[in-house]
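All figures in this text were calculated on a predicted structure; none of them were measured in a lab. Just so it is clear: chains get the letters A, B, ... in the order the sequence lines come, proteins before strands, and each one is counted from 1.
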There are 2 protein chains.
Amino acid sequence: MKLTSKGRYAVMALADLARFDNISPVSLRDISLRQGISLDYLEQIFSKLRKKEIVQSIRGTQGGYVLNKKAKDIKLTNIFDAVDEKVKTVQCKKESKKGCNGKSTKCLTHNLWDELENHINNFFKEKSLEDLVKENIERRI
Amino acid sequence: MKLTSKGRYAVMALADLARFDNISPVSLRDISLRQGISLDYLEQIFSKLRKKEIVQSIRGTQGGYVLNKKAKDIKLTNIFDAVDEKVKTVQCKKESKKGCNGKSTKCLTHNLWDELENHINNFFKEKSLEDLVKENIERRI
DNA sequence: AAGATACTTGACTATTTTAGTCAGGTTTAT
DNA sequence: ATAAACCTGACTAAAATAGTCAAGTATCTT
């Protein structure tokens with residue numbers, strides 16, 4: 001059970017962005033350097049974030065990215081959703097008609113996995129980008 | 001972020017075992033049939049569970065496996081631990097001297113990943129095999 | 001107008017992990 | 001004896017991951 005770097009990088013990059021974008025657009029190059037993430041990879045990630053309207057892009061010299069919403073309105077769940085970082089505990093889900101594994105009943109542990117998914121997703125739904133930045137500033141003082 | 005089948009199968013198989021082992025040892029063949037998990041794969045999994053003393057094996061005809069502890073004393077965390085299903089959110093952890101990415105400070109999101117890991121692990125620490133079986137029986141009635 | 005900076009897109013690929021399979025054992029109840 | 005069931009280690013196909021690479025386009029500054 002592990003978080004992929006795509007999801008992790010997306011959050012790291014946005015946390016970085018949230019700290020600096022009130023001054024001026026932040027270039028991926030800067031984020032790349034500060035966070036140690038490959039520029040090419042960041043471009044992939046931000047392309048998705050832009051399509052989901054989490055960030056806005058500004059082209060040209062002095063360009064970069066800015067947040068498209070207030071930091072408190074961007075939850076981790078929105079970020080993970082944008083980069084296709086899904087919480088998945090089990091396959092037996094979609095075939096609503098039948099139970100799991102094509103059998104007529106739910107598998108013994110079905111409810112457990114549902115609970116687990118909810119448990120994790122709740123964490124992601126509650127936590128906002130603002131929380132992240134705040135925690136960080138507080139620790140610095 | 002997903003659960004691997006190894007961890008999932010281990011829990012499913014043990015839940016199955018917990019329901020039947022008060023009568024007689026349960027053969028992997030039976031579990032394989034009931035849960036739809038390959039026998040060969042189950043053998044790999046139970047080898048690990050036995051080494052961690054979660055189950056006990058009984059060889060020969062009429063043999064099989066039984067739980068080695070009471071169902072309420074077997075937590076999901078013990079099961080996942082036995083089959084190497086780890087919760088991992090981030091790499092930057094072990095190099096205790098330095099911060100993340102070899103830098104002198106913690107990465108912006110370090111605490112977040114720690115929180116997330118704890119959040120998930122708490123779920124695994126609380127949930128026992130007994131809980132699972134109970135919930136299931138209750139649902140059936 | 002030129003050049004530099006920075007975003008944009010899509011294809012490509014090496015590595016790692018996963019999810020098993022396969023083959024050959026050993027033990028023990030009947 | 002023999003069949004059921006455990007035991008072990010090696011092997012592998014397929015998928016996912018974590019990027020790289022190449023070839024653009026847009027816009028600001030001078």
*Has S27(B) got a side-chain N or O lying under 4.0 Å from the OP1 or OP2 atom of dC6(D)?*
no
*asked:* Quick check on dC7(D): is either OP1 or OP2 less than 4.0 Å from any side-chain nitrogen or oxygen of Y65(B)?
replied: yes
_At less than 4.0 Å, is any side-chain N or O atom of S5(A) found next to OP1 or OP2 of dA18(D)? Yes or no._
yes
_From CG of L39(A) over to P of dA22(D), roughly how many Å is that when rounded to an integer?_
15 Å
*asked:* With a cut-off of less than 4.0 Å, is there a side-chain N or O of S57(A) near OP1 or OP2 of dT8(C)?
replied: yes
*How many angstroms lie between CD1 in I79(A) and CD1 in I45(A), if you round to the nearest 0.5 Å?*
11.5 Å
*asked:* For a quick test of reading the model: is some side-chain N or O of Y9(A) closer than 4.0 Å to OP1 or OP2 of dG19(D)?
replied: yes
*Kindly check if the number of other-residue, nucleotide or ligand heavy atoms within 6.0 Å of NZ (K69(A)) is above 12?*
yes
*For I31(A) and dA6(C), give me the distance from atom CD1 to atom C1', rounded to whole Å.*
12 Å
_K2(A) NZ - dT17(D) C1' separation (whole Å)_ = 8 Å
*Report yes if at least one side-chain N or O of T61(B) is closer than 4.0 Å to OP1 or OP2 of dT28(C); otherwise report no.*
no
*Residues from residues 40-51 of chain B lying under 4.0 Å of DNA chain D - heavy atoms*: E43(B), Q44(B), R50(B)
*Rounding to a whole Å, what distance do you find between Q35(A):CD and dA18(D):C1'?*
18 Å
*Within this structure, what is the CD1-to-P distance between I58(A) and dT29(D), rounded to whole angstrom?*
12 Å
*Rounded to the nearest Å, what distance is computed from the NZ atom of residue K6(B) to the P atom of nucleotide dA19(C)?*
9 Å
*Looking only at non-hydrogen atoms, find the nearest pair between M1(B) and E85(A) and report the distance.*
N-OE2, 2.6 Å
*Check every strand shown and say whether V26(A) touches a base, only sugar-phosphate, or nothing at a heavy-atom separation below 4.0 Å.*
sugar-phosphate
*Working for side chain to side chain contact (heavy atoms under 4.5 Å, CB included), residues E115(B) and E135(A)*: CA-CA 12 Å; E115(B) 268 183 71; E135(A) 281 168 23; 3.5 Å; yes
_Spacing of K88(A) atom NZ relative to dT17(D) atom P, expressed in whole Å_ = 10 Å
*Taking for each residue the nucleotide of DNA chain D bearing the nearest heavy atom, is the 5' side occupied by R8(A) or by G63(A)?*
R8(A)
*Give the ring-plane orientation class for F80(B) versus F124(B), where under 30° counts as parallel, over 60° as perpendicular and anything between as tilted.*
perpendicular
_Trace of the side chain to side chain contact (heavy atoms under 4.5 Å, CB included) decision for S32(B) with L42(B)_ = CA-CA 7 Å; S32(B) 166; L42(B) 275 178; 3.8 Å; yes
*Below 3.5 Å, does any donor atom in the side chain of R59(A) face an acceptor in the base of dT25(D), or the other way round?*
yes
*asked:* Expressed as a whole number of angstroms, how long is the span from I37(B):CD1 to dT18(C):P?
replied: 17 Å
Show the atom names and distances, to 0.1 Å, of all donor-acceptor pairs under 3.5 Å that link a side chain in residues 47-67 of chain B to residues at least two apart or in another chain.
{"from": "K48(B)", "atom 1": "NZ", "to": "D84(B)", "atom 2": "OD2", "distance (Å)": "3.0"}

